[in-house]
Amino acid sequence: YYAEHQLTIARHPSETDERMQVRLLAFAAHAHEQLQFTRGLSADDEPDLWQKDLTDAIETWIDVGLPDERRVRKACNRARQVFIYIYGGRTADMWWRQNSDVLSRFDNLSVLFLPKEQTDALAALTERTMHIQVTIQEGQFWISSGEQTVQVTPHLLQRFH
C-alpha cells in the first residue's frame, strides 16, 4: 500500500503525545482510504479509528490503550475485526495478564503490545505540524520525521482467526 494521507488529528485535552503517536501508528498499520479517526476519548461508543463499509457497518474497530472487557466485547459484537494496541510498559503487561483468558474467546480480536521505550521514542517525534513517513516491513515499523527515525516492533499477543 502506497499512499499519502493528509491528516488533522483532534486531541482530547487529556491525551498524551505517546497516545496520539500510537493512534498514528495504528492508522499506518491499517491505512485505507475508508479508515477514519473518530471522536476517540470524547465518545464512549466509538473506537479510536474505524473503517466502515458502504452500508455503514463497521469492518474494522481499532482501540489504543487498555480498554475494559465490556468495551472489547461490545467492539467484537459490532465489528468484523477488532484490533487493540496496548502500550504502557508494566501497566500493559498487567492488563494483558488480567484479561488474556477472557479475551481469548473473541475470534475476531487481535491484540498487539508496543514496548514502552519505543512508544516513548515515538512521543518524542511529536510536533504541532509533522511530516511523517512510515515504512512497514515484516511486522516492523520505521517512522521518520525530519532527521529522526524510530523503529517499532509490535508484539502480537492474540490474532483473530
Side-chain angles (χ1 to χ4, degrees), residues 7 9-32 35-51 58-127 130 132 134-145 148-161:
L7 304 173
I9 300 174
R11 286 180 66 175
H12 190 275
S14 68
E15 185 174 39
T16 63
D17 289 345
E18 180 183 30
R19 186 177 195 289
M20 184 196 68
Q21 291 288 5
V22 172
R23 286 195 300 139
L24 273 172
L25 182 130
F27 182 91
H30 303 274
H32 187 278
L35 186 63
Q36 300 175 5
F37 287 98
T38 66
R39 294 178 292 164
L41 291 174
S42 301
D44 289 340
D45 61 338
E46 293 181 2
D48 291 296
L49 299 123
W50 62 16
Q51 181 178 324
I58 303 169
E59 292 180 342
T60 305
W61 176 294
I62 303 168
D63 265 332
V64 303
L66 308 172
D68 66 34
E69 186 267 335
R70 289 186 321 267
R71 181 175 174 83
V72 176
R73 182 179 15 165
K74 178 177 158 182
C76 289
N77 288 330
R78 290 183 62 192
R80 190 171 62 79
Q81 57 184 357
V82 176
F83 295 88
I84 301 173
Y85 287 83
I86 66 172
Y87 64 95
R90 284 194 343 215
T91 308
D93 289 335
M94 289 177 8
W95 178 89
W96 179 244
R97 280 196 302 275
Q98 292 171 352
N99 292 286
S100 61
D101 288 340
V102 172
L103 298 181
S104 67
R105 72 175 185 227
F106 299 114
D107 61 0
N108 62 336
L109 173 65
S110 292
V111 180
L112 297 99
F113 169 76
L114 303 172
K116 177 75 173 141
E117 59 279 356
Q118 295 174 12
T119 58
D120 285 346
L122 278 178
L125 294 178
T126 304
E127 296 178 22
M130 299 182 289
I132 293 178
V134 179
T135 303
I136 305 170
Q137 185 174 351
E138 296 180 16
Q140 294 186 327
F141 292 70
W142 286 270
I143 298 95
S144 299
S145 178
Q148 295 180 298
T149 299
V150 174
Q151 182 179 348
V152 178
T153 305
H155 300 284
L156 184 64
L157 301 175
Q158 178 175 317
R159 180 190 306 266
F160 68 89
H161 307 104

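These values consider heavy atoms only, across backbone and side chains, with no hydrogens, waters or symmetry-generated copies.
The CG atom of Leu24 lies 9.5 Å from the CD1 atom of Ile143; values are rounded to the nearest 0.5 Å. Atoms CG and CD1, on Asn77 and Ile58 in that order, are 11.0 Å from each other to the nearest 0.5 Å. Atoms OG1 and CZ, from Thr60 and Arg80 in turn, are 6.0 Å apart once rounded to the nearest 0.5 Å. Once rounded to the nearest 0.5 Å, the distance linking NZ of Lys116 with CG of Asp93 reads 12.0 Å. Put simply, CH2 on Trp61 and CG on Leu109 are 12.5 Å apart, with the number rounded to the nearest 0.5 Å. Between the CZ atom of Arg78 and the CH2 atom of Trp50 there is a distance of 6.0 Å, given to the nearest 0.5 Å.
In Arg105, the CZ atom is crowded: over 12 heavy atoms of neighbouring residues, nucleotides or ligands sit closer than 6.0 Å.
Using a 30° and 60° split on the angle between ring planes, Phe27 and Phe37 fall in the parallel class, below 30°.
Minimum heavy-atom separation, Leu103 to Trp95: CD1-CH2, 3.5 Å. Across all non-hydrogen atoms, the minimal contact from Gly65 to Ile86 is O-CG2, 3.2 Å. The two atoms that bring Ala92 and Tyr87 nearest to each other are CB-O, 3.5 Å, heavy atoms only. When all heavy atoms are compared, the tightest approach of Leu49 to Ala26 is CD1-CB, 3.8 Å. Closest non-hydrogen pair, Asp63 versus Pro47, comes out as OD1-CA, 3.3 Å. The nearest pair of heavy atoms linking Pro154 to Gly139 is CD-O, 3.4 Å.
Distance alone, capped at 3.5 Å, places no donor-acceptor pair between the Asn108 side chain and the Val82 backbone.
Using a 3.5 Å distance cut-off with no hydrogens or angles, the side chains of Gln81 and Ser110 do not pair a donor with an acceptor.
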*Give the intermediate values and the outcome of side chain to side chain contact (heavy atoms under 4.5 Å, CB included) for residues Gln151 and Thr153.*
CA-CA 7 Å; Gln151 182 179 348; Thr153 305; 3.8 Å; yes

*Take Val72 and Val111 through the test side chain to side chain contact (heavy atoms under 4.5 Å, CB included) and record every step on the way to the result.*
CA-CA 11 Å; Val72 176; Val111 180; over 6 Å; no

*CA sep, side-chain torsions, deciding dist, call: Asp48, Arg19, side chain to side chain contact (heavy atoms under 4.5 Å, CB included)*: CA-CA 10 Å; Asp48 291 296; Arg19 186 177 195 289; 2.8 Å; yes

_Run Ile9 and Arg23 through side chain to side chain contact (heavy atoms under 4.5 Å, CB included) and show every step you take._
CA-CA 9 Å; Ile9 300 174; Arg23 286 195 300 139; 2.9 Å; yes

_Evaluation steps, side-chain hydrogen bond (donor to acceptor under 3.5 Å, both in side chains), between Ser100 and Gln158_ = CA-CA 9 Å; Ser100 61; Gln158 178 175 317; over 6 Å; no

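Contact of the Arg70 side chain with the Arg73 side chain is registered, since non-hydrogen atoms from C-beta on lie closer than 4.5 Å. Between Gln21 and Met130, the closest side-chain pair of non-hydrogen atoms falls below 4.5 Å.
Paired with Ser145 under the rule side chain to side chain contact (heavy atoms under 4.5 Å, CB included), one option of Thr126, Leu122, Ile132 passes, and it is Ile132.
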